[in-house]
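Owing to the predicted nature of the structure, the values given are computational and were not obtained by experimental measurement. Numbers restart at 1 for each chain; the letters A, B, ... are given by sequence-line order, proteins then strands.
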Amino acid sequence: MQTNIQERIWAEIEDAAENPIVISHEYLDDEQLPQERQFEVLTEIFNTNVRTHEIRTISNHFSPVFRNGHPTHLSVIGSTGTGKTITIRWFLAQIEKFCAGKGIPFQQVHLDLCCPTPCFRALNNLACLLDASKRYRKGVSLEEIMGRVEAKLKSSDGYLAVFVDEADNVRTDFNTFYQFLVKRLPKRIGARLVLIFTSNRLDWMENLDPRVKSCLKVRELSFKSYDADSLKRILTMRVKKALQPSRIEEGVIDKIAALASQQHGDARKAVNLLRRSADLAEQDRTAITLELVDRAYEEIERDKYIDMIRSSPKQLQAALYAALTGKPRTGALHTGPAYLVYERFCSETGLRPISQRAFSDLLYELDMYGFIRARTVSRGRYGRTKEIRTSFSRAIMCNLVRTIRETFSMPPGVMPL
DNA sequence: TGTCCACAGGAAATACGGGGGT
DNA sequence: ACCCCCGTATTTCCTGTGGACA
């Protein structure tokens with residue numbers, strides 16, 4: 001009996017090893033792919049007429065570098081997954097190479113503000129990238145950091161390209177940061193400064209202090225979402241590199257491209273869907289079929305919320321727990337009763353409860369992330385409050401509740417109706 | 001028509017933690 | 001050891017408010 005099982009396992013492993021669908025995983029996940037490989041893939045994709053217009057615009061923009069001129073700054077707008085970041089990085093790498101060939105000093109740094117960052121940290125990161133300062137968490141004045149950056153670059157020459165990725169993510173002192181970058185820094189360093197911003201908000205510069213804004217001469221370039229056709233080329237490229245082409249049913253690429261372009265035109269999500277489908281196919285020992293794409297799509301949707309809540313702060317998890325398990329007496333759940341549930345949850349788990357005011361903000365945050373819909377309504381003499389509703393299926397809701405109970409190491413418990 | 005509910009949500013105050021300089 | 005600086009989270013205090021109800 002035992003050998004029987006062992007043999008079967010071994011046979012499974014051999015079978016899976018002999019007939020893999022995925023030949024190289026890293027081409028389905030850019031995180032695993034070293035930068036050079038990423039650039040190679042990108043070069044190939046650009047060669048199939050994807051983003052031709054954008055590349056041409058950026059090239060034009062930077063052409064003054066080779067005529068001893070000074071390009072203005074560049075602001076790139078486009079939603080997530082349109083390839084802003086990788087395209088700019090690719091392009092700057094190319095320019096760097098050309099400049100090296102022609103003996104033009106060209107330095108570039110990539111300041112990635114992928115999550116909301118206070119002015120201080122953004123400046124500190126910049127200083128670190130320029131090797132002008134060590135990393136501080138707190139405790140140093142802004143002036144000090146600015147001074148170090150300036151001192152470092154005082155005697156630089158040629159060009160300095162500062163790529164501020166997700167430029168609208170500077171949270172506090174938004175203006176201080178950009179005043180430094182736009183007005184102050186160019187005057188105090190040797191090299192000619194070229195700023196490149198990306199953002200997914202069209203109006204991100206509207207919040208700028210008018211004095212800074214008037215100083216900031218930018219060319220705007222927008223990256224439109226990928227259409228199904230471009231996505232298809234991108235996917236075809238990935239398939240060629242990563243998968244066994246004979247194991248893909250006809251129409252799969254079309255379907256993934258169609259699904260992704262309908263949604264947001266996000267290439268990352270399209271590739272992710274491809275990978276998920278391939279994983280399912282390997283599990284089932286089948287080819288990648290249209291049905292599997294559907295299944296993978298559903299799984300991604302389901303896991304999205306679980307992953308999100310798992311990586312959220314405890315207080316937010318507790319608030320979601322209250323919002324999901326609080327029983328409305330009639331209609332929707334309101335802030336007050338939800339807060340009572342939250343308080344009970346806190347006393348059960350030993351979490352320090354926060355005030356109702358702060359709790360209300362958490363509900364708002366949950367709404368932003370799409371976990372709940374919290375609408376403020378007036379109920380006449382019964383006061384103003386938020387109406388909390390969820391749109392999850394029961395299965396996802398149970399999953400979420402279980403996940404939260406797990407992170408607080410509570411027994412699984414019974415899901416209230 | 002006025003009252004009053006049960007909060008919303010803004011602003012300021014406070015607490016806290018981390019870090020530098022002396 | 002002490003004080004100062006900085007950022008973040010939270011509390012405290014406050015004014016505002018849409019509409020059911022008398």
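- Within 6.0 Å of CD on A:Glu348 lie more than 12 heavy atoms contributed by other residues, nucleotides or ligands.
- A ring-centre distance under 6.0 Å is found for A:Tyr339 and A:Tyr342.
- The nearest whole Å value for the distance from the CZ atom in A:Arg375 to the C1' atom in B:dA6 is 17 Å.
- For A:Lys386, a side-chain nitrogen or oxygen approaches OP1 or OP2 of B:dG9 to under 4.0 Å.
- Exactly one residue among A:Lys269, A:Arg275, A:Arg276 makes a side-chain hydrogen bond (donor to acceptor under 3.5 Å, both in side chains) with A:Asn272. That residue is A:Arg275.
- Under a 3.5 Å cut-off, the side chain of A:His73 and the backbone N or O of A:Phe197 do not form any donor-acceptor pair.
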Between A:Asp254 and A:Lys232, is the salt bridge (charged side-chain N to carboxylate O under 4.0 Å, His left out) condition met? List the steps.
CA-CA 6 Å; A:Asp254 288 342; A:Lys232 229 168 96 178; 3.3 Å; yes
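- We find that CD of A:Glu365 is positioned 14 Å from P of B:dG9, with the value rounded to whole Å.
- The minimum heavy-atom distance between A:Glu26 and A:Leu33, with the atom names listed, is CG-CD1, 3.4 Å.
- Here the closest heavy-atom approach between residue A:Ile404 and residue A:Tyr321 is recorded as CD1-N, 3.9 Å.
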With the sugar-phosphate defined as primed atoms, P, OP1 and OP2, and the base as all remaining atoms, what B/S/- string results for nucleotides 16-22 of chain C, 5' to 3', for protein heavy atoms under 4.0 Å?
BBBBBSS
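- A sub-4.0 Å separation between OP1 or OP2 of B:dA8 and a side-chain N or O of A:Ser360 is present.
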Polar atoms only, N or O, under 3.5 Å: list the protein pairs with nucleotides 10-13 of chain C and their distances.
{"from": "C:dT11", "atom 1": "OP1", "to": "A:Ser355", "atom 2": "N", "distance (Å)": "3.1"}
{"from": "C:dT11", "atom 1": "OP2", "to": "A:Ser355", "atom 2": "N", "distance (Å)": "2.6"}
{"from": "C:dT11", "atom 1": "OP2", "to": "A:Ser355", "atom 2": "OG", "distance (Å)": "2.7"}

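- Minimum interatomic distance between A:Leu231 and A:Ala267 (heavy atoms only, all atoms of both residues): CD2-CA, 3.8 Å.
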